[in-house]
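Only one structure is covered here, and it is reproduced in the block below.
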Amino acid sequence: MIDLQRIREDSQEVVRRYKVRNFDAADLVARIQEVDATRRRVQKMLDGTLAESNALARKIGELFKSGKGQEAGLLKEGSAKLKKQAKEFQETLDSASGELNELMTRLPMLPHPSVPAGDTEAANEIIREGGAMPELSSGAMPHWDLAKKYDIIDFEAGTRVAGAGFPVYKGKGARLQRALIDFFLDEATKAGYTEYQPPLLANEDSAFGTGNLPDKDGQMYQVPSDNLYLIPTSEVPLTNMFRDTILNEKDLPVKCTAYSVCFRREAGSYGKDVRGLNRLHQFDKVEIVQVVHPGKSYEVLDEMVKYVAELLQKLELPYRITRLCGGDLGFASALTYDMEVYSAAQGRWLEVSSISNFETFQAQRMKLRFRSSEGKNQLVHTLNGSALALPRIVAALLENNQAKDGIHIPEVLQQYAGFEAIG
RNA sequence: GGAGAGGUGGCCGAGUGGUCUAAGGCGCACGCCUGGAAAGCGUGUAUCCGUCAAAAGCGGAUCAAGGGUUCGAAUCCCUUUCUCUCCGCCA
């Protein structure tokens, strides 16, 4: 949610900035202004009526106490009339606030000025490339074939148990997963993030807070009997731990990390995008989240991008960093950098991390504030990024490091995995 | 899952229909006192909405959430939710 104040102050500017997203906000913003005006007008009338009614009730109380019950009886009529009127105003107010809220939730975050215009991922800006491209021999295999050859991932068994997109990791494959998780958590801890183990299910308020609800695309798995959602990322629990709180300025920045399983329905995905480990319903991820002072958030975003790039360097993977264009930008994000690794046998770039600054979008929905040094309560900025999502990292590791004698494991992982090669 | 007890400010806690504009305490902030500190004394100390250029001020709302009774609700009634205790089931 964006701040209503911005629409009150300069609605034209707001509409103009949404154009970068290809989002035509003109009608919506106009309606918001209308309803906002109504809401304020009605609130004023309601407050006036209630003030009168309160005064009257006090007077009646005094009369009763001084034994003038009869006089008080006469005043009761006026009180009933005021009450009826207040109820009408209250209903109008509730419906106006309800509509205003609903309209506001339809607005995505305002994009940062540096976001390039554009419709699709073709317009994303490549910021930097790093790491050496591997040279594969002629018989190089995609990771799903390697997984079978070395018996480290059993896709069929997973299908039997749950369905497509739920792989079973086995032997060194399972151990490699654990190694990556440990490595990522250790690195995050060294970088000052506090490790958490959050719930894997979240309630409605939480899912709304981070912007996962309303879920137009049906991305989340639901548990309807208990009104819970399986988390699509630990961003949801990590950020919502602070929902509806007021932090002290000295406690900022809050830096947290967590390993979690992530669940995504991925409705509508098909073809080579879902082959092997490319897109799964269940996967493992280590996430980093920061809650920061609004003046620092872009500095922090850069720092998080740098941190993730270093992880990729340590894993010796070829990577590139892109800045998402307006059309590709998530609903809640003001600016997002994607990190991609090159999966050599597939010959394609795979997104392994998405690092976003949500500015006040989530903070507004979550009422997450801090008390500034001047004693004022102000919304924080929230950021998060994957550091990292495992399956595509595994895909690239397997493909890029395959050799005649097996698959070589990057040095940083060897102590975690307890082996140097698969094969 | 069954039975019971509860949810009051940053925290503890009083409060059983009007004097709640929420006692008292702790904590915190500022001031006085002091060579400095502690103690002591004094003052202040929630959030949201509206009004205002803004602040102050003023009006309104909030005692878990929502609804109801009443001229008037922290207080009475209903629903939901969470916590605690006991029982049952269970890794």
Side-chain angles (χ1 to χ4, degrees), chain A residues 1-11 32-105 197-209 223-229 237 240-252 254 261 360 363-380:
Chain A
M1 228 180 313
I2 69 163
D3 191 350
L4 183 57
Q5 200 58 35
R6 294 177 96 150
I7 291 176
R8 284 182 190 162
E9 276 162 10
D10 194 350
S11 61
I32 287 171
Q33 286 179 295
E34 223 174 287
V35 179
D36 180 40
T38 304
R39 207 207 94 233
R40 287 199 272 180
R41 189 166 39 81
V42 176
Q43 166 111 47
K44 213 154 124 186
M45 296 191 292
L46 173 64
D47 285 357
T49 308
L50 287 174
E52 251 181 90
S53 167
N54 285 345
L56 200 52
R58 246 181 314 243
K59 199 182 283 177
I60 292 172
E62 278 163 30
L63 288 173
F64 268 123
K65 239 186 308 172
S66 55
K68 298 175 189 162
Q70 273 204 317
E71 266 179 68
L74 294 172
L75 293 177
K76 281 190 189 183
E77 257 180 67
S79 186
K81 207 180 281 178
L82 284 172
K83 194 188 170 184
K84 198 176 153 219
Q85 178 145 67
K87 193 167 182 180
E88 274 169 33
F89 286 147
Q90 185 70 60
E91 275 162 14
T92 314
L93 180 67
D94 287 347
S95 96
S97 328
E99 184 181 355
L100 187 61
N101 265 331
E102 193 276 323
L103 294 170
M104 289 299 290
T105 60
Q197 277 198 21
L200 303 182
L201 277 76
N203 59 29
E204 217 170 327
D205 286 345
S206 294
F208 175 77
V223 184
S225 56
D226 295 285
N227 207 15
L228 292 169
Y229 297 84
N240 275 288
M241 293 193 297
F242 304 99
R243 174 158 44 81
D244 217 353
T245 61
I246 301 175
L247 300 165
N248 288 317
E249 184 165 2
K250 67 171 163 42
D251 295 331
L252 300 178
V254 175
V261 182
T360 57
Q364 183 105 35
R365 288 183 168 210
M366 288 192 290
K367 296 184 177 64
L368 169 44
R369 291 160 294 172
F370 74 101
R371 192 182 303 280
S372 70
S373 40
E374 306 94 62
K376 281 187 104 174
N377 295 333
Q378 216 182 321
L379 293 169
V380 299

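Here is how names work: the chains are called A, B, and so on, in the same order as the sequence lines, proteins then strands, and each is numbered from 1. Only this structure's heavy atoms are used, side chains among them; waters, hydrogens and symmetry mates stay out. A quick note: this is a predicted structure, and the numbers were derived from the prediction, not measured.
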Close side-chain approach of [X] to [Y], heavy-atom, < 4.5 Å:
{"X": "A:Ile32", "Y": "A:Leu4", "answer": "yes"}
{"X": "A:Asp94", "Y": "A:Glu91", "answer": "no"}
{"X": "A:Leu368", "Y": "A:Arg243", "answer": "no"}
{"X": "A:Val254", "Y": "A:Val380", "answer": "no"}
{"X": "A:Asn54", "Y": "A:Arg58", "answer": "yes"}

[N] - base-pair partner by Watson-Crick or wobble geometry, distances under 3.5 Å:
{"N": "B:U75", "result": "none"}
{"N": "B:C89", "result": "none"}
{"N": "B:C11", "result": "B:G25"}
{"N": "B:A46", "result": "B:U62"}
{"N": "B:C84", "result": "B:G4"}
{"N": "B:U19", "result": "none"}
{"N": "B:U51", "result": "B:G57"}
{"N": "B:A39", "result": "none"}

Considering only [options], which nucleotide approaches the side chain of [X] most closely?
{"X": "A:Lys83", "options": "B:G72, B:G68, B:G50", "value": "B:G72"}
{"X": "A:Leu50", "options": "B:C49, B:A61, B:G18", "value": "B:A61"}
{"X": "A:Ala57", "options": "B:C71, B:G50, B:G59", "value": "B:C71"}
{"X": "A:Asp47", "options": "B:G59, B:U51, B:U47", "value": "B:G59"}

[N] phosphate, OP1 or OP2, under 4.0 Å from [X] side-chain N/O:
{"X": "A:Asn54", "N": "B:A61", "result": "yes"}
{"X": "A:Arg40", "N": "B:U51", "result": "yes"}
{"X": "A:Arg58", "N": "B:C20", "result": "no"}
{"X": "A:Arg371", "N": "B:A46", "result": "no"}

Please state the [atom1] separation for the pair [N] and [M] - nearest whole angstrom.
{"N": "B:A65", "M": "B:A56", "atom1": "C1'", "value": "34 Å"}
{"N": "B:G2", "M": "B:C76", "atom1": "C1'", "value": "28 Å"}
{"N": "B:G27", "M": "B:C12", "atom1": "P", "value": "15 Å"}
{"N": "B:G15", "M": "B:G31", "atom1": "C1'", "value": "33 Å"}
{"N": "B:C30", "M": "B:G13", "atom1": "C1'", "value": "26 Å"}
{"N": "B:C63", "M": "B:C11", "atom1": "C1'", "value": "16 Å"}
{"N": "B:G66", "M": "B:C52", "atom1": "C1'", "value": "34 Å"}
{"N": "B:G24", "M": "B:U85", "atom1": "C1'", "value": "29 Å"}

_Heavy atoms only, 4.0 Å cut-off, all strands: where does A:Arg41 land among base, sugar-phosphate and nothing?_
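No contact at all - A:Arg41 keeps every heavy atom at 4.0 Å or more from the nucleic acid.
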_Comparing A:Ala51 and A:Asp94 on RNA chain B - which has the more 5′ nearest nucleotide_ =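 Here A:Ala51 is the residue nearer the 5' end.
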*Would you mind telling me which residue lines up with the more 5' stretch of RNA chain B, A:Lys87 or A:Leu46, judged by nearest nucleotide?*
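On the 5' side of the pair lies A:Leu46.
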For [X] and [N], give me the distance from atom [atom1] to atom [atom2], rounded to whole Å.
{"X": "A:Arg8", "N": "B:G50", "atom1": "CZ", "atom2": "C1'", "value": "10 Å"}
{"X": "A:Glu52", "N": "B:A61", "atom1": "CD", "atom2": "P", "value": "13 Å"}
{"X": "A:Asn203", "N": "B:C82", "atom1": "CG", "atom2": "C1'", "value": "12 Å"}
{"X": "A:Gln5", "N": "B:G50", "atom1": "CD", "atom2": "C1'", "value": "13 Å"}
{"X": "A:Leu93", "N": "B:U51", "atom1": "CG", "atom2": "C1'", "value": "15 Å"}
{"X": "A:Asp226", "N": "B:U81", "atom1": "CG", "atom2": "C1'", "value": "13 Å"}
{"X": "A:Asp244", "N": "B:U62", "atom1": "CG", "atom2": "P", "value": "17 Å"}
{"X": "A:Asn377", "N": "B:C49", "atom1": "CG", "atom2": "C1'", "value": "15 Å"}

*asked:* I need the minimum non-hydrogen distance between A:Val35 and A:Leu103, along with the two atoms involved.
replied: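 Between these two residues, the closest heavy atoms are CG2-CD1, 4.1 Å.
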*Minimum-distance pair of heavy atoms, taken over all atoms of A:Arg365 and A:Phe208*: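 The answer is NH1-O, 2.9 Å.
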*Does A:Lys44 pair with A:Asp47 as a salt bridge, N-O distance under 4.0 Å?*
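Looking at A:Lys44 and A:Asp47, the cut-off is not met.
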